[in-house]
2 protein chains.
Amino acid sequence: MQNISEEKCKLVEELGLSFEDNHNLPPLAGRIYAVMILSSVDGHSFEDIIEITSASKSSVSTNLNLLVQLKFIEYFTKTGDRKRYFRTTKNYLRITLEEYLESIEKELNLVKKVNSFNKEHNPEKFKKNKNLGLIFQEYLTTQKENLETTIKKMIAFNNEFDQL
Amino acid sequence: MQNISEEKCKLVEELGLSFEDNHNLPPLAGRIYAVMILSSVDGHSFEDIIEITSASKSSVSTNLNLLVQLKFIEYFTKTGDRKRYFRTTKNYLRITLEEYLESIEKELNLVKKVNSFNKEHNPEKFKKNKNLGLIFQEYLTTQKENLETTIKKMIAFNNEFDQL
DNA sequence: TAATTGGTTCGGTGATTTCCGAACCAATAC
DNA sequence: GTATTGGTTCGGAAATCACCGAACCAATTA
C-alpha cells in the first residue's frame with residue numbers, strides 16, 4: 001500500500017478482508033475493490049493499482065479481470081490512450097444485496113426442506129422444536145423481504161438519479 | 001454415509017455444505033452437524049458417527065471436539081457406560097442467529113466507517129452516492145433489529161418450554 | 001498384571017489457493 | 001522493421017487445510 005494515508009491503508013485492509021469472506025474473493029481482489037470504494041479518483045489505471053497494492057502485474061491482471069467479470073468493477077477508456085481505467089460499478093451496492101438475496105433464498109429453501117424432513121421422519125423431535133424451526137423460517141422470510149424492498153429502493157434511487 | 005436412506009444422505013450433504021460456508025466449518029464437521037439435526041436419535045456415540053460418515057477416528061474426534069467447543073453440539077453420558085453421546089445443543093438455532101448478529105454488527109460498523117471516511121475525504125463522491133450508502137446502512141440496521149427480535153422470541157420460547 | 005475399550009495427539013500426505021516471474025502477444029511509436 | 005507500452009497467460013513456489021493412520025494414553029475388564 002503506497003501513496004495512501006495510513007488511515008486509508010488500514011481501512012483498505014479491513015474492508016478488503018470483509019469482501020474476502022463475504023463474497024469469497026481472493027485477498028488481492030478484496031483490497032483492490034476496497035481501494036476503489038475509498039477513493040475519490042474516478043478511474044484507476046492498471047499501473048495505479050500495481051503501485052498502490054504493491055502486487056505483481058500478473059496478479060493485478062487476474063484479479064481486475066475477476067472483479068470485472070463479477071461486475072463489482074467496470075472499466076472505461078479515454079480517446080488517444082491505450083490504458084484501461086477501472087472504477088466500481090454504479091450498482092455495486094445493489095449487486096452485493098442481490099448476492100445476499102440469492103443466498104438467503106437458498107438457505108430458506110434448505111430450512112424448509114429440513115423442517116419438512118423432520119416433520120415426516122422425526123415427528124417427536126419436530127413437535128418439540130416446531131416453534132423454533134418456524135421462528136427461524138419466519139426470520140429468514142422477513143430478512144428476504146427486507147432485502148427485496150431495499151433493492152427496490154436502490155433501483156428507484158438510481159432511476160431518479162439518471163434522469164438528472 | 002452408511003445406514004441412512006438416500007434422501008437423508010443427500011440432505012446431509014446439502015446441509016453440511018451450507019454449514020461449511022455459513023459457519024466456516026471443515027466439511028466433516030458440517031456433515032456431522034447435519035446428521036444430528038436430521039436424526040431422531042437422541043445421542044450419537046463416537047462410533048455411530050464414524051460408521052455414518054465413514055471417516056477416521058482421528059478426524060471424527062477432532063471435528064466432534066470442534067463442534068462442542070463452538071457449542072453447536074454437546075455430549076452427555078450414561079451411568080455404567082464409558083461412551084460419550086453427542087447431540088445438537090438445545091439452542092443451536094439461537095447460536096446460529098447470535099453468530100449472524102455479531103457479523104452484521106461488524107459489517108454495520110464497517111459501513112459506517114466507510115461512509116464517514118468518504119464523507120470526509122471524498123465529499124463529491126459521497127454526495128453522489130449518499131443515499132445509496134444510507135439505504136445500505138438502513139438495510140443493515142433493519143436486519144440487525146430483525147435478528148434481535150428473533151433471538152428474543154427464541155429465548156422466550158425456550159423459557160416457556162423449560163417450565164413444562 | 002494383561003487385554004480391551006474409548007478416545008486423543010502427532011506427523012505426514014494430497015488437494016487447493018494465492019501469488020509471482022518470465023515468456024508472450026497485440027497495438028502503437030519510432 | 002524495431003522498440004516500447006499495456007496487458008495476458010503459463011508454470012511453479014509457498015502456504016494452508018482436511019483428512020488419515022499409527023502411536024499413544026487412561027480407564028475398565030478379565
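To find a chain, count down the sequence lines: A is the first, B the second, and so on, and within it residues start at 1.
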*asked:* Students should find this one: the first and last nucleotides of DNA chain D, 5' to 3', lying under 4.0 Å from a heavy atom of chain B. What are they?
replied: D:dA18 to D:dT28
*asked:* For B:Glu14, is there any backbone N or O sitting under 3.5 Å from a side-chain donor or acceptor partner on B:Ser18?
replied: no
*Could I get the full list of ring pair (Phe, Tyr, Trp, His ring centres under 6.0 Å) partners for A:Phe86, not counting sequence neighbours?*
A:Tyr75
_Those residues that, when tested against A:Ser40, pass side-chain hydrogen bond (donor to acceptor under 3.5 Å, both in side chains) (two or more places apart)_ = B:Asn122
*Pairs satisfying salt bridge (charged side-chain N to carboxylate O under 4.0 Å, His left out), at least one member in residues 52-71 of chain A, at least two apart*: none
_Pairing residues for A:Tyr139 by the ring pair (Phe, Tyr, Trp, His ring centres under 6.0 Å) criterion, not counting sequence neighbours_ = none
_Test item: A:Thr53 side-chain N/O and A:Ile49 main-chain N/O as donor-acceptor pair under 3.5 Å_ = yes
*Write out all pairs satisfying ring pair (Phe, Tyr, Trp, His ring centres under 6.0 Å) with one or both partners inside residues 93-120 of chain B, taking only residues at least two apart or from two chains.*
B:Phe117-B:His121
_A:Glu98/A:Arg94 ion pair, N-O < 4.0 Å_ = yes
_Co-members of A:Tyr85 in a cluster of I, L, V, M, F, W and Y side chains, linked at under 4.5 Å_ = A:Phe76
_Side chain to side chain, A:Leu25 and A:Leu70, heavy atoms closer than 4.5 Å_ = yes
*Which pairs with one or both residues in residues 82-92 of chain B pass salt bridge (charged side-chain N to carboxylate O under 4.0 Å, His left out), sequence neighbours excluded?*
B:Asp42-B:Arg87, B:Glu47-B:Lys83, B:Glu74-B:Arg87, B:Lys90-B:Asp162
*asked:* Angle between the end axes of the helix from C:dT1-D:dA30 to C:dC30-D:dG1, five pairs per end, to the nearest 10 degrees?
replied: 20°
Protein-nucleic acid N or O pairs under 3.5 Å, nucleotides 1-5 of chain C:
unit_1: C:dT5; atom_1: O2; unit_2: B:Arg82; atom_2: NH1; d: 3.4
unit_1: C:dT5; atom_1: O2; unit_2: B:Arg82; atom_2: NH2; d: 2.3

*Qualifying residues under ring pair (Phe, Tyr, Trp, His ring centres under 6.0 Å), relative to B:His23, sequence neighbours excluded*: B:Phe19, B:Phe72
Protein-nucleotides 17-21 of chain C N/O pairs closer than 3.5 Å?
unit_1: C:dC19; atom_1: OP1; unit_2: A:Leu28; atom_2: N; d: 3.1
unit_1: C:dC20; atom_1: OP2; unit_2: A:Ser56; atom_2: N; d: 3.1
unit_1: C:dC20; atom_1: OP2; unit_2: A:Ser56; atom_2: OG; d: 3.2
unit_1: C:dC20; atom_1: OP2; unit_2: A:Ser59; atom_2: OG; d: 2.6
unit_1: C:dG21; atom_1: N7; unit_2: A:Ser58; atom_2: OG; d: 3.2
unit_1: C:dG21; atom_1: O6; unit_2: A:Ser58; atom_2: OG; d: 2.8

